[in-house]
Amino acid sequence: QVQLVESGGGLVQAGTSLTLACASSGRTYAAGWFRQAPGKEREFVATISWNNVMSYYADSVEGRFTVSRDNAKNTVYLQMNNMKPEDTAVYYCAASDKIPYTGGRSYYTNGLNYNLWGQGTQVTVSS
């Protein structure tokens, strides 16, 4: 079973940047990030296809966050710029070890299509 390990979380001030990394123990296809704030449901943040061709973002982070991956290192990254207090959440890396049957946004943004999850890393943005 492929395992995912996140790193890079922490406490930052609004307007600054932070980069999360997710290292996997094996090959993955779709991979990305979800987050869950206190008292809220888990929500999609960003995702990327295995070949770096397709990436999708939540409207709330579009233009501020960038997802990328280095398949040689089996690592997916989330570069977060101009962070806001509303970005405060536990961020979870998610991936699938199954070949996606479609390249559409609806597939990649649905957490049910990811069978591998990391333990989560806390990101706190102070105002």
Side-chain angles (χ1 to χ4, degrees):
Q1 175 88 5
V2 175
Q3 295 187 342
L4 307 179
V5 179
E6 300 111 333
S7 61
L11 172 64
V12 297
Q13 290 188 331
T16 61
S17 300
L18 192 66
T19 299
L20 304 181
C22 173
S24 64
S25 59
R27 180 176 184 173
T28 61
Y29 293 92
W33 299 87
F34 291 74
R35 67 187 182 187
Q36 187 167 20
K40 296 186 177 181
E41 295 186 352
R42 184 185 67 191
E43 64 175 1
F44 164 75
V45 177
T47 185
I48 189 168
S49 61
W50 70 271
N51 56 4
N52 284 290
V53 171
M54 294 172 292
S55 60
Y56 300 101
Y57 297 90
D59 290 343
S60 58
V61 306
E62 182 82 53
R64 299 188 298 119
F65 290 12
T66 301
V67 61
S68 62
R69 67 190 300 165
D70 183 341
N71 289 333
K73 297 181 179 180
N74 285 335
T75 301
V76 177
Y77 303 94
L78 183 67
Q79 172 70 42
M80 303 181 289
N81 296 327
N82 188 24
M83 297 191 71
K84 303 176 180 180
E86 50 263 44
D87 294 323
T88 295
V90 176
Y91 283 69
Y92 295 92
C93 176
S96 173
D97 58 5
K98 298 175 175 54
I99 299 174
Y101 56 83
T102 175
R105 180 183 176 88
S106 61
Y107 174 91
Y108 279 88
T109 60
N110 187 342
L112 295 177
N113 291 319
Y114 296 83
N115 63 321
L116 306 170
W117 291 84
Q119 79 284 358
T121 185
Q122 177 69 45
V123 173
T124 303
V125 184
S126 63
S127 58

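Treat the numbers as computed from the prediction; the structure is a model and nothing was measured.
- A continuous path of Ile, Leu, Val, Met, Phe, Trp and Tyr side chains, each step under 4.5 Å between heavy atoms, connects M80 with V61, placing both in one hydrophobic cluster.
- Rounded to the nearest 0.5 angstrom, N82 CG and T16 OG1 are separated by 9.0 Å.
- Judged by distance alone, the side chains of Y114 and T47 do bring a donor and an acceptor atom under 3.5 Å apart.
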One pair to check against side chain to side chain contact (heavy atoms under 4.5 Å, CB included): V76 and W33. What are the steps and the verdict? CA-CA 9 Å; V76 177; W33 299 87; 3.7 Å; yes
Determine, step by step, whether D70 and T75 satisfy the side chain to side chain donor-acceptor pair (under 3.5 Å) criterion, reporting the C-alpha distance in whole Å, the side-chain angles of both residues, the deciding distance to 0.1 Å, and the verdict. CA-CA 5 Å; D70 183 341; T75 301; over 6 Å; no
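- Side-chain atoms of R69 and S49 form no donor-acceptor pair, as typed in the model, at a separation below 3.5 Å.
- There is a path of hydrophobic side-chain contacts, each under 4.5 Å, that joins L20 to M83.
- Side-chain atoms of Y56 never come within 3.5 Å of backbone atoms of V45 as a donor-acceptor pair (strictly under, hydrogens ignored).
- In this structure, R42 forms a cation-pi arrangement with F34, its terminal cationic atom sitting closer than 6.0 Å to the ring centre and no more than 45° off the ring axis.
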Yes or no on side chain to side chain contact (heavy atoms under 4.5 Å, CB included) for N81 and F65, after CA distance, side-chain angles and deciding distance? CA-CA 6 Å; N81 296 327; F65 290 12; 6.0 Å; no
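- When atom types are taken as modelled, the side chain of E6 and the backbone of C22 share no donor-acceptor pair closer than 3.5 angstrom.
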Might you work through the side chain to side chain contact (heavy atoms under 4.5 Å, CB included) test for Y57 and R105, ending with a clear yes or no? CA-CA 9 Å; Y57 297 90; R105 180 183 176 88; 5.6 Å; no
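- For residues 18-27, every residue pair satisfying the side-chain hydrogen bond (donor to acceptor under 3.5 Å, both in side chains) rule, not counting sequence neighbours, is listed here: T19-Q79.
- The backbone N or O of K84 sits less than 3.5 Å from a side-chain atom of D87, completing a donor-acceptor pair.
- For Q3, the CD atom is loosely surrounded, since the number of other residues' heavy atoms within 6.0 Å does not exceed 12.
- Checked against side chain to side chain contact (heavy atoms under 4.5 Å, CB included), E43 has the following partners two or more places apart in sequence or in another chain: R35.
- Although no hydrogens or angles enter the test, the distance criterion places no donor-acceptor pair under 3.5 Å between the side chain of N113 and the main chain of S96.
- Listed by chain and number, the residues in a side-chain hydrogen bond (donor to acceptor under 3.5 Å, both in side chains) with Y108 amount to none (sequence neighbours excluded).
- Side-chain polar atoms of T28 and D97 form no donor-acceptor pair below 3.5 angstrom.
- Transitive grouping of hydrophobic side chains (ILVMFWY, heavy atoms separated by less than 4.5 Å) keeps V123 and V90 in distinct clusters.
- Between A30 and Y107, the shortest heavy-atom contact is CB-CE2, 4.4 Å.
- The shortest heavy-atom contact between A14 and S127 is CB-CA, 4.3 Å.
- I48 and Y77 are members of different hydrophobic clusters when ILVMFWY side chains are connected at heavy-atom separations under 4.5 Å.
- In the model, T124 has a side-chain atom that pairs as donor or acceptor with a side-chain atom of Q122 under 3.5 Å.
- Within a 6.0 Å radius of CH2 in W117, more than 12 heavy atoms belonging to other residues, nucleotides or ligands are found.
- No donor-acceptor distance shorter than 3.5 angstrom exists from the side chain of N74 to the backbone of A23, with no hydrogens or angles considered.
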